[in-house]
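Below, read A as the first sequence line, B as the second, and so on, with proteins coming before strands; counting in each chain starts at 1.
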Amino acid sequence: MIIDPNARSLRVELHRLWLGCWAEHVARQMLRGLGLGIALALGGALVLVVHARLVNSEVLFMLAAACLLVGTLGSLVRPPSRLRAARVADARWGLDDRLGTAVELLDRQSRTPLEQAQLGDAARSLRSIPGRWRWPRLTSAKREGVTVLVLTVLLMSVLWLEGQGESLIGGPGWLGAPGAALGDQEAIAVGAPSDQSAPGRAPSRTSDALRQLDQLDRARESGALSEAGVGQALDRLESDLRQRSGAARQQGESLDRLAQALGQVSAGESAAESLRQGDAEQAADQLRELGREADQLSPEAKSQLAEALRQAAADGRTERALADREQRAADALGSRDYPATSSALAALGDEVQQSSARGEDGQALADALQRLDQERTARGENGMADRGDQANSANSSARQTLGGQPGTSPAAAGGASGSQAGTGEGSNQPGPGAGGMVGEAQTEPPGVAGGPSGARDGGDALGDAAPPLDVVGQPVEVPARPASPVGGLPTDAPGADDEPVGGATVPANEAGQPPAQVQSGGQIERVVVPGDQRSVVREYFARRGGKGTP
Amino acid sequence: VTSSTTAVDDLQRTALALEREIGKVIVGQEPLVRGVVIALLAGGHVLLEGLPGLGKTILVRTLAQAVRLRYSRIQFTPDLMPADVIGTNMVIEDPNGQRGFTFQQGPIFANLVLADEINRATPRTQSALLEAMQERTVTVANVAHELPLPFFVLATQNPIELEGTYPLPEAELDRFFFKLQVGYPSREQLSEILRRTTGAERSAVEPVADGERLLWLQDRVREVPIASFLLDYAARLVLATHPEQAGAPELVRRFVRYGASPRAGQAIILAAKISAVLSGRFNVSAADLRAVAPAALRHRVILNYEAEASDYPTDRIVAEVLQQVPEGNPR
């Protein structure tokens, strides 16, 4: 064994270099892990901008932290070799592989004189480097550092923009609690309809309408807008909401007709049921499945289904795209061409899904119209009855869209009418608006608010269906049951007595007309129940078990 | 250590002295002179390629003067026969009247052989050099005759004179340690050449080394250490010239028919060791390998028909190889 002072000093220097290289390796891997985590968080933040419910801030921060942890642990577990440290030093200080060669020579048991000379040369070269004790220089991690910095800036920008956007639309914010950007009233008013909306539907337009109402309210209170200006704005808003609620109603009715057609054959009953329940996605899947299994349908079932679909398509009120798909499916079923049938039914399923996704949430529209009524009431306008009827109309279409019984079956509609808050899909989702009036209704289980039999306590419908009723002392309009309905609800039909007080939940009739104004010899009977006597009315209906008419 | 350091210093001093002496006659062409000196110290043969009149022959003659070696020049022509190069057995009558075969050495029996315009001879004659260049022996009538050591062949060839020339066979090319390109001098260098060659002044070249010293230095050069990762790098450089290799660059796969032989790797390592010593180091670096690789690879990479037809330069392929093959980072 050769005792070489150069070798000894070189070993010490190389060990120090190795430690420094390891520290730098750890720092670099940490930065890389952090960079990766921030990049992922940036992606998540972009998703957050598009859809706030998919991710939340905690997940993003945990993602970045987890990547940082993995990078750190990985670098600690796998340190660089001495040769690597030597080569990094060679490259960084321009030592022409002196240290890399020396590391290999140091491991040899015996060395030639020229190899010893090489070790001495390496040691001399290392000693001659000024500032060699400043290792690790973070030059090699500069790129990672800059990347992390840029990503962080981008992330913060996206989060800031996202926060700005949320504060503008009044939804859940990134950095604050849901609805933190708004006052409590705004949080209730805006958050409730959003959460009642059916899955997959963007309530942004309805939320916009509600926001405009809030702004008008504030403007009116602050005097920034004249009464006439507020009135004009309310008129414009009402016109828009009415138009949209009509479109929503038409869409709901189109799907109802399709459900009815599908329900005529046993193979299509499941899809029909899904449509009735408002689960368009499942209905679309079931239609595709029906298409795949079309060859197993009997010829009679095919012709029956084809005829039903043809009739549904022939209805002039059906959405054009849906009617077109229905007609094609009917033709394909009639042709007995399996691939064509399968394809046509799949296309019909796609259209059902798209139609549902396109449609606006009728419940939210109804709420918006009710808010609009509130606003008018607050302004002292005497038009509540008319407005309330329109709200009822929108409410009715909302039930159809969301799974309430369609107007084609008055009894069934009546059975579901009182449970508008309890049976809607959105009602199962607790939202940021909990604590508000509508939010209370959401928290109730469907079976409590209204069951299939239509038996419910009128108090729910009376007390929770329409926000104006909750204001103590405000007059409540109760439409009386007509003595002999014309084109309206049959008095002997099951569930016909379930029509709740208040008219806010009266379903649409088969003709699709707003049924809130139940005609009785051309006159509308209304009973105004003072707010402090509502409990009496509620008890009355509860005693009767939802039967009869006061 | 001291003797080794002295050896390295000696090697460096000798090489620099050689370059200085050659520089007395040859103007410019520093890379060319450095390549010739490296090959001389490595004991390798050199193929010089360049246009006529660029000083190839005078470079070799000057080198012979600088190292005080037995010098021989063979002008290769189409009618040159192998026996004209290596020698032949002749019937000689001794003073007693006895006749017998006696081997008459050819011009190849010298320390420094200038094979001028080597591609003008037929492949048969060119091949006469194969054994001499590799084994340092020639075999005539089943008798092997050793060549004097050190033995260097410095051949010249003209790239454009294709008429009446015969391309060197691959086996012959592979035996050349380096193939060096002789470039055209710059304006300043040309002025200096004109001044030196047209005046009355004559440059006197002093010998700086002899054969024995060269042989000793050749042995010392082989002791220069090289790290295993650099050996691996050299091997990967050579393998990257093979089109069938997985990591071969695109240019190689497209234009190369045969890659470099293991001799190329040997040449790269040996030349890199000398290059390191000339740079004052006791170890080889990756930069040394890259510096000498083109001269060691360019004549060993055999191009395919497409490259020949498009006159694609081998140097560009070698440069691509050097660029594409990473040094490799240990964990």
Legend entry - Which atom of A/Leu114 lies closest to which atom of B/Arg220, heavy atoms considered: CD2-O, 4.0 Å

Inset, instruction - Please round to the nearest 0.5 Å and tell me the distance separating atom CG of A/Asp97 and atom CG of B/Asp288. - result: 8.5 Å

Legend entry - When B/Ser279, B/Ala287, B/Ser285, B/Ala286 are compared by non-hydrogen pairs under 4.5 Å with chain A, the top option: B/Ser285

Inset, instruction - Write down the atom of A/Glu104, the atom of B/Ala227, and the distance for their closest heavy-atom approach. - result: OE1-CA, 3.3 Å

Legend entry - Point-to-point distance, once rounded to the nearest 0.5 Å, from OG of B/Ser228 to CG of A/Asp107: 10.0 Å

Inset, instruction - Mark yes when over 12 heavy atoms from residues, nucleotides or ligands other than B/Gln12 sit less than 6.0 Å from its CD; otherwise mark no. - result: yes

Inset, instruction - Step through the shown structure and confirm whether more than 12 heavy atoms of other residues, nucleotides or ligands are within 6.0 Å of CZ on B/Arg253. - result: yes

Legend entry - chain B contact via A/Leu105 - side chain, backbone, both or neither, heavy atoms under 4.5 Å: side chain

Legend entry - Flag, side chain of B/Asn283 to backbone of A/Gln118, donor-acceptor distance under 3.5 Å: no

Legend entry - More than 12 heavy atoms of other groups within 6.0 Å of B/Gln134 CD: yes

Legend entry - side-chain contact (heavy atoms from CB on, under 4.5 Å) between B/Val284 and A/Thr101, worked out: CA-CA 8 Å; B/Val284 176; A/Thr101 307; over 6 Å; no

Legend entry - Nearest-0.5 Å distance that lies between atom CD in A/Glu115 and atom CZ in B/Phe282: 12.5 Å

